[in-house]
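Please read the structure below before turning to the comments.
Worth knowing before you read on, the calculation uses all heavy atoms, side chains too, and leaves out hydrogens, waters and symmetry mates.
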Amino acid sequence: MAPNARLDHRNPLVFDTHELGRRPGALQRLTRTVDAPQDFGIKDVIGVPEGAPVELELRLESVMEGVLVTGTARAKAEGECVRCLEPLEQELEADFQEMFSYPDADDRGRVIAEPGDDAEDDEDRLFLEDGLFDLEPVLRDAVVLALPMQPVCREDCPGLCSECGARLADDPDHHHDAVDIRWAALQGLAGTMSDGEKDEMSGAEPGVDEKQEK
């Protein structure tokens, strides 16, 4: 979040730290249930559906540099098993901790970051704005890290048959007879030939028994 971004206190993921003041050691505990924002998870793999409830437990601690936020998010994620492609649901619990630094204000009251020794470090820092902080980017990162990159409906899911795509969990005895690939082409050819063609290939006249010829 850019340090001069304007936060909306009506956003359920924006929190107010005014009760803490700037008293190092001051603590505040909060619980809140919010609606999951859009694209909350790993795209096209697994995630918390937009609008689904997300339960938050937060601990806000005032320190010299700012406010240290520690928390846990709980929700139900939905996705697709990577082995059998069946829909799945998974209970999600994501822990996170982030420091929101105090900013300084210029003579016009605009919120600006205090310059640091390392410009790259400043870019990665999150700042309080008028005593408010936006938890969404922190929460989004925590959820992505807590979700499996390859979700499965169960640890021993056998997946799908590589030949016909059947779901192996529904038919544990499912199998296909092994065919020697060296003979597969000849078997396919034999199945399409008429009896007359077979006789011609064998050198006998159609409909004539070999014994009668002798």
Partners meeting salt bridge (Lys or Arg N to Asp or Glu O under 4.0 Å) with Asp8 (sequence neighbours left out): Arg10

Residue pair Val138 / Val69, side-chain heavy-atom distance below 4.5 Å: no

Nearest atoms (heavy-atom pairs only) where Leu20 meets Leu27: CD2-C, 3.6 Å

Residue pairs fulfilling ring pair (Phe, Tyr, Trp, His ring centres under 6.0 Å) with at least one residue in residues 138-159, sequence neighbours excluded: none

Side chain to side chain donor-acceptor pair (under 3.5 Å) contacts touching residues 31-40 (sequence neighbours left out): none

In one Ile/Leu/Val/Met/Phe/Trp/Tyr side-chain cluster, 4.5 Å: Phe40, Met149: yes

Remaining members of the apolar cluster that contains Leu68, side-chain heavy atoms under 4.5 Å: Val63, Met99

Shortest non-hydrogen separation from Gly41 to Val144 and the atoms involved: O-CG2, 3.7 Å

Non-hydrogen side-chain atoms of Val143 and Phe96 separated by less than 4.5 Å: no

Note, Asp130 side chain near Leu7 side chain (heavy atom, < 4.5 Å): no

Tyr102-Ser62 side chain donor-acceptor pair, cut-off 3.5 Å: yes

Partners meeting side chain to side chain contact (heavy atoms under 4.5 Å, CB included) with Val152 (sequence neighbours left out): Cys81, Val82, Arg83, Glu155

Sequence neighbours excluded, every pair satisfying side chain to side chain donor-acceptor pair (under 3.5 Å) that has a member inside residues 63-73: Thr70-Gln97, Thr72-Asp95

Residue pair Leu135 / Val14, side-chain heavy-atom distance below 4.5 Å: no

Within residues 136-152 or reaching into it, pairs that qualify as side chain to side chain donor-acceptor pair (under 3.5 Å) - sequence neighbours excluded: Glu136-Arg140

All salt bridge (Lys or Arg N to Asp or Glu O under 4.0 Å) counterparts of Glu80, not counting sequence neighbours: none

By side chain to side chain contact (heavy atoms under 4.5 Å, CB included) - contacts of Asp16 (at least two apart): His18, Leu132

Reported CZ-to-CG distance for the pair Arg22 and Leu128, which is rounded to 0.5 angstrom: 8.0 Å

Got a list of side-chain donor-acceptor pairs under 3.5 Å for residues 45-61, not counting sequence neighbours?
| unit_1 | atom_1 | unit_2 | atom_2 | d |
| --- | --- | --- | --- | --- |
| Glu57 | OE2 | Arg74 | NH1 | 3.3 |
| Arg59 | NH1 | Glu61 | OE1 | 3.1 |

Side chain to side chain donor-acceptor pair (under 3.5 Å) involving Asp156 - partner list, sequence neighbours excluded: Arg154

side-chain contact (heavy atoms from CB on, under 4.5 Å) between Gln90 and Lys76, intermediate numbers included: CA-CA 6 Å; Gln90 178 178 317; Lys76 183 174 291 185; over 6 Å; no

Test ring pair (Phe, Tyr, Trp, His ring centres under 6.0 Å) applied to Phe15 - qualifying residues, sequence neighbours left out: Phe133

